[in-house]
Protein chains: 2
Amino acid sequence: MPDQPKYQRRKEDRPREIADAAFEAFAEKGYAATRIDDVAKRAGVSKGLTYLYYKTKEDLFKAVVRNVVVRRIDSLIGDVESTELSSEEFIRGPLLGFMQRMPGSPIAIVVRLLIAEGRRHPDLVDYYYDNVVARGLAAIRDFIERGVERGEFRPAARELQPQLLVAPVMLSMIWRLLFADKSLDTDRLMESQIDMLLAQIKA
Amino acid sequence: MPDQPKYQRRKEDRPREIADAAFEAFAEKGYAATRIDDVAKRAGVSKGLTYLYYKTKEDLFKAVVRNVVVRRIDSLIGDVESTELSSEEFIRGPLLGFMQRMPGSPIAIVVRLLIAEGRRHPDLVDYYYDNVVARGLAAIRDFIERGVERGEFRPAARELQPQLLVAPVMLSMIWRLLFADKSLDTDRLMESQIDMLLAQIKA
DNA sequence: CCACTTGCTGACCGTGGAGTCATCAATTAT
DNA sequence: ATAATTGATGACTCCACGGTCAGCAAGTGG
């Protein structure tokens, strides 16, 4: 019988593993209903260890949100800035695709957690606003500006509120979170919105 | 010194009073973080009494949601059906006004509660879907159908997803719930959406 | 005025979960 | 080898909160 140690020390990997397990648990049950014991079990770790890396449950929560957020955002915004496509092609292609993936992505979970718990974690809301919302909206505005300069969009396009593009994504997220069973063609919803927007701003 | 009784018996009013207090408390702290003791205090009542009228905290939660929902919906949908205005006038007038009031109304609070707690109360989600979402969407569809029959809208308007009208309302709700401080002209957002939609479906 | 009903109170109970810490054992240093 | 270090464990504490219930007093009927 080989000498199996009861555990290995893995100082480097633990925090990430615990945060990932916590994300799963929060996603399933929400913040309040999640037990630290359960998080520890999922991570294959004892409850006490969780407290070595995260001083409180709230700390863990914040780490989870920051974690998901930073992992996703940069690549996305990079894409927008480095494309060689025409504005319309980009919108109808990569951008639409990205929007359509949002409702099924971890970002949707984070949105739910923030809506549910945001009030009691204002600094987390600020963090999310600065790193996701503000940057996302700015990227859209820059993109439109570029389109105007290239002559692809009418100058009046500058007046467009970027939130008009986001609204159907938001609705689709909420719809799926609440009414997973009731069908709604969220892909078509976003396509229609883009059709309308383009019709209005194209040169 | 007048003989002040310690309390009055008010069998009829208690349930409503308690439910209203609970709504306030849930709105401020969310379901999980709300203490029955706190609800009772707000209602000026002892904790025990709460349990006389609502057997569990969950019961109370459901009563609160149903309460808010039924108080609001009927009048709204009545308006849509009984108007004498042209379709465009109705949309730009009463409907837009209603949409603009939504984000500040108790419905927004209910939406937050449902997003946060919906998973663990599927029957409540169903109730909300049947009584608010389904009826609301049906009303919009009927209204469009009527517009088509009157020749105000193109027949293709029938293909329009009613959720396109709701999306900016949803986004505005969430925005205000999370980012009360960061400004966003939600009224203009809805107006723009209506402009775009009308441009597309008007005969 | 008294007897009776019942709306209402608040002290109490049990549970479960956040957070602690004495101790163990894997790893590293000597 | 042996000692020192520290990652990791899990039994334990503490207490907050949902839910109970024996008793009290406001209302009611005779």
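Order of the sequence lines sets the chain letters (A, B, ...), proteins ahead of strands, with each chain counted from 1. Values below: every heavy atom of this structure, side chains too, minus hydrogens, waters and symmetry copies.
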Engineer: Taking only side-chain N and O atoms of Arg14(A), does any of them lie within less than 4.0 angstrom of OP1 or OP2 on dA8(D)?
Structural biologist: yes
Engineer: Mind running a 4.0 Å heavy-atom check of residues 42-60 of chain A against DNA chain C and sending the residues that fall below it, in number order?
Structural biologist: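 Contacts with DNA chain C under 4.0 Å: Lys47(A), Tyr51(A), Thr56(A), Lys57(A).
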Engineer: Within the pair Arg35(B) and dG18(D), is there a side-chain N or O less than 4.0 Å away from OP1 or OP2?
Structural biologist: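 Looking at the OP1 and OP2 atoms of dG18(D), one of them is under 4.0 Å from a side-chain N or O of Arg35(B).
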Engineer: Under 6.0 Å between the ring centres of His121(A) and Tyr127(A)?
Structural biologist: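 Not close enough - the centres of the two rings lie 6.0 Å or further apart.
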Engineer: So that I can tick it off, tell me whether Glu28(B) and Arg119(A) are bridged by a salt bridge, with the cut-off set at under 4.0 angstrom between side-chain N and carboxylate O.
Structural biologist: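 No, Arg119(A) and Glu28(B) are not salt-bridged.
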Engineer: Which of the following nucleotides, dC17(D), dG7(D), dT27(C), is nearest to the side chain of Gln8(A)?
Structural biologist: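 The nucleotide sitting nearest to the side chain is dT27(C).
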Engineer: Does the side chain of Tyr54(B) reach to within under 4.5 Å of the side chain of Phe61(B), using non-hydrogen atoms?
Structural biologist: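 They are not in contact (no side-chain heavy atoms under 4.5 Å apart), so the answer is no.
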Engineer: Can you tell which of Val39(B), Asp37(B), Asp38(B) makes a side-chain contact (heavy atoms from CB on, under 4.5 Å) with Lys47(B)?
Structural biologist: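 Filter result, single survivor: Asp37(B).
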Engineer: Nearest heavy-atom pair of Val64(A) and Ala19(A): which atoms, and what distance?
Structural biologist: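 Minimum heavy-atom separation between Val64(A) and Ala19(A): CG2-O, 3.5 Å.
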Engineer: Rounded to whole Å, please give me the gap between CD1 in Ile18(A) and P in dG7(D).
Structural biologist: 12 Å
Engineer: Mind calculating the distance between NZ (Lys11(A)) and P (dA25(C)) to the nearest angstrom?
Structural biologist: 21 Å
Engineer: For the residue pair Tyr31(B) and Phe26(B), categorise the inter-ring angle as parallel (less than 30°), tilted (30 to 60°) or perpendicular (more than 60°).
Structural biologist: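 The arrangement is tilted - the two ring planes meet at 30° to 60°.
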